[in-house]
Amino acid sequence: MIIRIIVVATLGCLAHAISPNLLRLGPQGVNLWKLNQLHGSGSHKSRYDELSAQDASGQQPLGHVRDNKPEFTAYWFEQPLDHFGNSTNDTFMQRYWINTRHYQPGTAVVFLLDGGETNGEARLRGSIDRIPFLDTGIMEILARATGGLGVVLEHRYYGESIATKNLTTDSLRFLNNAQSAADSANFMANVQFPDIKENLTAPGTPWIYYGGSYAGARAAHMRVLYPELVYGAIASSAVTHAAIINWEYMDIIRRYADPTCSTHLQKSIGTIDSILDRRVLSTPLKALFGVHGLKHDVDFVSLIESPLGSWQAKVWDPKVGSTNFDEFCAALNKPLGHKNPGVTLLEHGHPDRMLSLPGGLKVDLAIVNYGTWIKEHVVSKCPEGFSHEECFGTFDDAHYKDTSLSEIWRLWLFQVCTEWGYFTTAPPDPTFPRIISKRIDLEYESKMCRQAYDPGEHFTVSPLPNVTVVNELGDFDIAMDRLAFIDGEVDPWRPDTPHSDYANEREDTMLRPFKIIPNGVHHYDEYGLKNLEDEPPEIRNIHEEMIAFVREWLKDWKTDKQDQ
């Protein structure tokens, strides 16, 4: 049976694709996604509620009619739902796009960009997240430099590469690293690109696999798992180390944020934890942040963690990046109307910075500003008539039981719960500096795995993810010829990459590039401008270095072919 999707949604609905970074907030992240849905569409319906799934044979899905640029028309490749067993004969249609601007028949190289854990259109020209990787980003840059072909391949279950009719535990059991890798391998070995007569399948053509973040880890894994098909791979911000507890994510932000902002965050969180410990002033404290009706303290401290996710959204190109983190930091230290502006230069906790508030609460002005930010940017999303508990509580299991295709938060969270982990907790050492509450622990961050995924007939989610299936592929030490690693110096995910402080040092060579982008955050090399000369020096440099080592790899390909 072929699972097909007939699309009747509008392009505007695509804005509701979920951000994996939002789910870094654990249970609270799902609440925030649901509230974003309410504000984005006027109801809980997303574009996936407007999909009707039906069986069909010999009929192409209609999704391509929504592509408004013929140059990047969506195409489809049929994939087995299960590559490794006989549990089902179902197949699904996997979506992909190609950039043929620079294709030179007879000498072509194919660059495949792994769509990762989001709608594949986000990787094209900015139709969702304004990330034009195929149009001006890394696919365009490398294809232009080599006369190659750029391809974006959407990940199974994401976007319109929908493999099932619902998102139950059983239906999601084929959403794993091995099946996804097999999809890519099958695609490379068998795809016939439309309007291209030349056979460009691997291994007869050199394919270079690119990915960023989770997809970066997949790029590295593909080079290891399918070396006969993947001639080379570029792994950007590649989280090759899966970890159950990922407290280092927030510590990178603490270490590299503006020092004044970092200090205010650390001391504010310390004060908030102390107030919650004493309990007497916990209600006035929550009221300061606009959520006096929120029952559980851990939900409260998780909610106020939400602005920190903006760090990862930083991008060197202001057209695609977010300035929210810097705006949040600036807001923390704003003098209040009746205060002398000079108080911003005083140390946190100085008597002249302290404010007396209703309920007997007395706190530094940074905490007052923190509360104002949360009220204006987060709590304001709670609709009129909804209680704080309904909007921001996470202990009602019934809130997470909907398994319809509209609940796309269930996808990446399922991968987190089964294989990848990355539960963002406070540091395990209570004396270690921190910018999130000590109450955010593994029990809280992982409870969604138990709340959302009831045991199925064919699959049960384990109490904790089996990160071994990821780490056994190489972990921090994963390495092969023609496998490049590129990371950002201040990327909160760097502790999970081969550039981690936990990893062994290694050399940067043409055959095994190992590069760090100064002041770079998350897969900074993936973004690009039409004219490389217009890019910031550190980005232009990394792109020039990438072009250089890819060209060197392709020289080896030609030499090997001549010797055969």
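By the 30° and 60° cut-offs, the orientation of the rings of Trp247 relative to Phe432 is perpendicular. Relative orientation of the Phe459 and Phe414 rings is tilted, given thresholds of 30° and 60° on the angle between their planes. The aromatic rings of Tyr214 and His155 are tilted relative to each other, their planes meeting at an angle between 30° and 60°.
Considering every non-hydrogen atom in both Leu405 and Leu167, the closest pair reads CD2-CD2, 3.9 Å. The two residues Pro465 and Gly421 make their nearest non-hydrogen contact at CG-CA, 3.7 Å. Among all heavy-atom pairs drawn from Glu389 and Leu294, the shortest one is OE1-CD1, 3.7 Å. Here the closest heavy-atom approach between residue Val490 and residue Asn519 is recorded as CG2-O, 3.6 Å. Looking at every heavy atom in both residues, Phe174 comes nearest to Gln179 through O-CB, 3.4 Å.
Residue pairs meeting the salt bridge (charged side-chain N to carboxylate O under 4.0 Å, His left out) criterion with at least one partner in residues 365-388, sequence neighbours excluded, are absent. Pairs engaging residues 415-430 under the salt bridge (charged side-chain N to carboxylate O under 4.0 Å, His left out) rule: none recorded [sequence neighbours left out].
Aromatic ring centroids of Phe328 and Tyr370 lie under 6.0 Å apart. In this structure, the ring of Trp311 has its center no less than 6.0 angstrom from the ring center of Tyr256. Close placement of the Tyr527 and His523 rings is indicated, their centers lying within 6.0 Å of each other.
Using a 4.0 Å cut-off between a side-chain N of Lys or Arg and a carboxylate O of Asp or Glu, Arg494 and Asp501 qualify as a salt bridge. We find that Asp277 and Lys438 are joined by a salt bridge, their nearest charged nitrogen and carboxylate oxygen being less than 4.0 Å apart.
For the residue pair Asp299 / Tyr444, a side-chain donor-acceptor distance below 3.5 Å is found, with atom types taken as modelled. Using a 3.5 Å distance cut-off with no hydrogens or angles, the side chains of Trp493 and Gln312 do pair a donor with an acceptor.
No donor-acceptor pair closer than 3.5 Å links the side chain of Thr240 to the backbone N or O of Ala217.
Atom CZ of Phe485 sits about 12.5 Å away from atom CD1 of Ile516, to the nearest 0.5 Å.
By the side-chain contact (heavy atoms from CB on, under 4.5 Å) test, Glu538 pairs with Ile517, Pro518, Pro536, sequence neighbours left out.
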- Passes side chain to side chain contact (heavy atoms under 4.5 Å, CB included), Thr418 versus Asn176? Steps please. CA-CA 8 Å; Thr418 52; Asn176 58 53; 5.9 Å; no

